[in-house]
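Residue numbers begin at 1 in each chain, while the letters A, B, ... track the order of the sequences. Note that the coordinates shown come from a computational prediction; the quantities given were computed from them, not determined experimentally.
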Amino acid sequence: MESKKILHNVFQNIEVGIGEVSKVVGVSQRQLRYWEKKGYIEPISDDNSGVRRYNLSTLYLIVFIKEQLDNGFTLAAAFERSKDIKLKSKIVRTFFEHTFSDVEITDAEKGYGEIDLGDFRTEDGEKYHFKGVLDAHGRYVKIDK
DNA sequence: GTTCTAACA
DNA sequence: TGTTAGAA
């Protein structure tokens, strides 16, 4: 199997118990159960033991909500913001799908390189090839027609 | 020892 | 929201 898929599988199958989540993220178990009752988070559903397990994406959600809470937002506001972030992330991911196919290192010492961003088209259908460049001049894009 | 629900503070 | 009780 392709290593990319294996990794994806690994991350997809990571499960964390409520105790560990609580300890690591700094959210009480009581809060976690309350958020669940409110419908903001959901444990992995496949087991009927009644013991809560959370997957990676839920863990990210929990961390995000915790951060928002620390920044003074209410729980409801935090959740709304998480939905916003999730949608935006999806848009970005879709747009950049199958890009970043290659990165050429131009200066290993200084950490410079060129990222192949792939082909994009304009509204009119004209195609361009983009490269993201990082060098002594900073970061910019190169466009080839 | 951990996690569960429910209830009280 | 914290904390505790008693059970699983």
Side-chain angles (χ1 to χ4, degrees), chain A residues 1-123 127-143:
Chain A
M1 196 191 286
E2 195 187 344
S3 67
K4 204 173 182 178
K5 289 190 175 182
I6 295 175
L7 254 195
H8 181 268
N9 236 301
V10 170
F11 286 129
Q12 194 62 41
N13 287 309
I14 287 179
E15 297 181 9
V16 192
I18 194 171
E20 200 162 4
V21 171
S22 174
K23 187 170 58 183
V24 172
V25 184
V27 175
S28 69
Q29 297 188 15
R30 174 86 150 87
Q31 279 178 298
L32 261 8
R33 296 184 183 109
Y34 179 68
W35 296 359
E36 176 185 335
K37 196 169 69 179
K38 283 285 188 176
Y40 297 142
I41 61 174
E42 199 175 340
I44 293 164
S45 51
D46 49 78
D47 60 53
N48 39 301
S49 65
V51 176
R52 276 165 259 251
R53 294 254 172 85
Y54 302 100
N55 61 26
L56 241 202
S57 63
T58 304
L59 189 51
Y60 281 131
L61 214 205
I62 292 169
V63 171
F64 180 82
I65 292 176
K66 160 67 171 169
E67 285 176 345
Q68 299 304 302
L69 254 31
D70 289 343
N71 284 326
F73 291 97
T74 64
L75 177 58
F79 183 65
E80 284 309 308
R81 288 183 141 234
S82 80
K83 287 199 294 189
D84 192 61
I85 295 290
K86 189 176 180 182
L87 220 193
K88 287 178 179 176
S89 300
K90 185 186 175 188
I91 293 170
V92 171
R93 259 186 287 111
T94 304
F95 186 81
F96 285 110
E97 200 172 21
H98 298 315
T99 68
F100 303 128
S101 50
D102 193 32
V103 180
E104 181 188 344
I105 298 171
T106 54
D107 190 326
E109 293 292 313
K110 296 179 178 175
Y112 295 154
E114 288 192 1
I115 306 167
D116 189 340
L117 298 172
D119 294 315
F120 291 94
R121 63 166 181 79
T122 65
E123 281 181 297
K127 287 182 180 174
Y128 293 91
H129 189 88
F130 278 70
K131 277 190 174 177
V133 183
L134 182 65
D135 62 18
H137 299 102
R139 60 189 197 94
Y140 55 94
V141 290
K142 272 185 183 173
I143 307 170

Taking only residues two or more places apart in sequence, or in another chain, which ones meet [X] in a side-chain hydrogen bond (donor to acceptor under 3.5 Å, both in side chains)?
X	answer
Lys23(A)	none
Lys86(A)	none
Glu42(A)	none
His129(A)	Asp116(A), Asp119(A)

Show which side-chain atoms of residues 132-139 of chain A pair as donor or acceptor with protein atoms under 3.5 Å away, not counting sequence neighbours.
from, atom 1, to, atom 2, distance (Å)
Asp135(A), OD1, His137(A), N, 2.7
Asp135(A), OD2, Tyr140(A), OH, 2.6

> Taking any atom under 4.0 angstrom from a heavy atom of chain A, which nucleotides of DNA chain C are the first and last to qualify, 5' to 3'?
Replying inline: dT1(C) to dT3(C)
>> Run the salt bridge (charged side-chain N to carboxylate O under 4.0 Å, His left out) test against Glu20(A) and tell me which residues pass, sequence neighbours left out.
In response: none
> Under the salt bridge (charged side-chain N to carboxylate O under 4.0 Å, His left out) test, which residues partner Lys88(A), sequence neighbours left out?
Replying inline: Asp84(A)
Kindly give the atom pairs (protein nitrogen or oxygen, nucleotide nitrogen or oxygen) under 3.5 Å for nucleotides 2-4 of chain B.
from, atom 1, to, atom 2, distance (Å)
dT3(B), OP1, Gly19(A), N, 3.3
dC4(B), OP1, Arg52(A), N, 2.7
dC4(B), OP1, Arg52(A), NE, 2.8
dC4(B), OP2, Arg33(A), NE, 3.1
dC4(B), OP2, Arg33(A), NH2, 2.4
dC4(B), O3', Arg52(A), NH2, 3.2

>> Which heavy atom of Gln29(A) sits nearest to which heavy atom of Ser22(A), and what is that distance?
In response: N-OG, 3.6 Å
Side-chain donor/acceptor pairs under 3.5 Å, residues 73-81 of chain A, sequence neighbours excluded:
from, atom 1, to, atom 2, distance (Å)
Thr74(A), OG1, Ala77(A), N, 3.1
Glu80(A), OE2, Lys83(A), NZ, 3.3
Arg81(A), NH1, Gln68(A), OE1, 3.0

> Which residues, if any, of residues 62-82 of chain A bring a heavy atom under 4.0 Å of DNA chain C?
Replying inline: none
> When we call it a touch if two heavy atoms are under 4.0 Å apart, what does Ser49(A) touch: a base, just sugar-phosphate, or nothing?
Replying inline: nothing
>> Per the ring pair (Phe, Tyr, Trp, His ring centres under 6.0 Å) rule, what does the pair list look like for residues 11-39 of chain A, sequence neighbours excluded?
In response: none
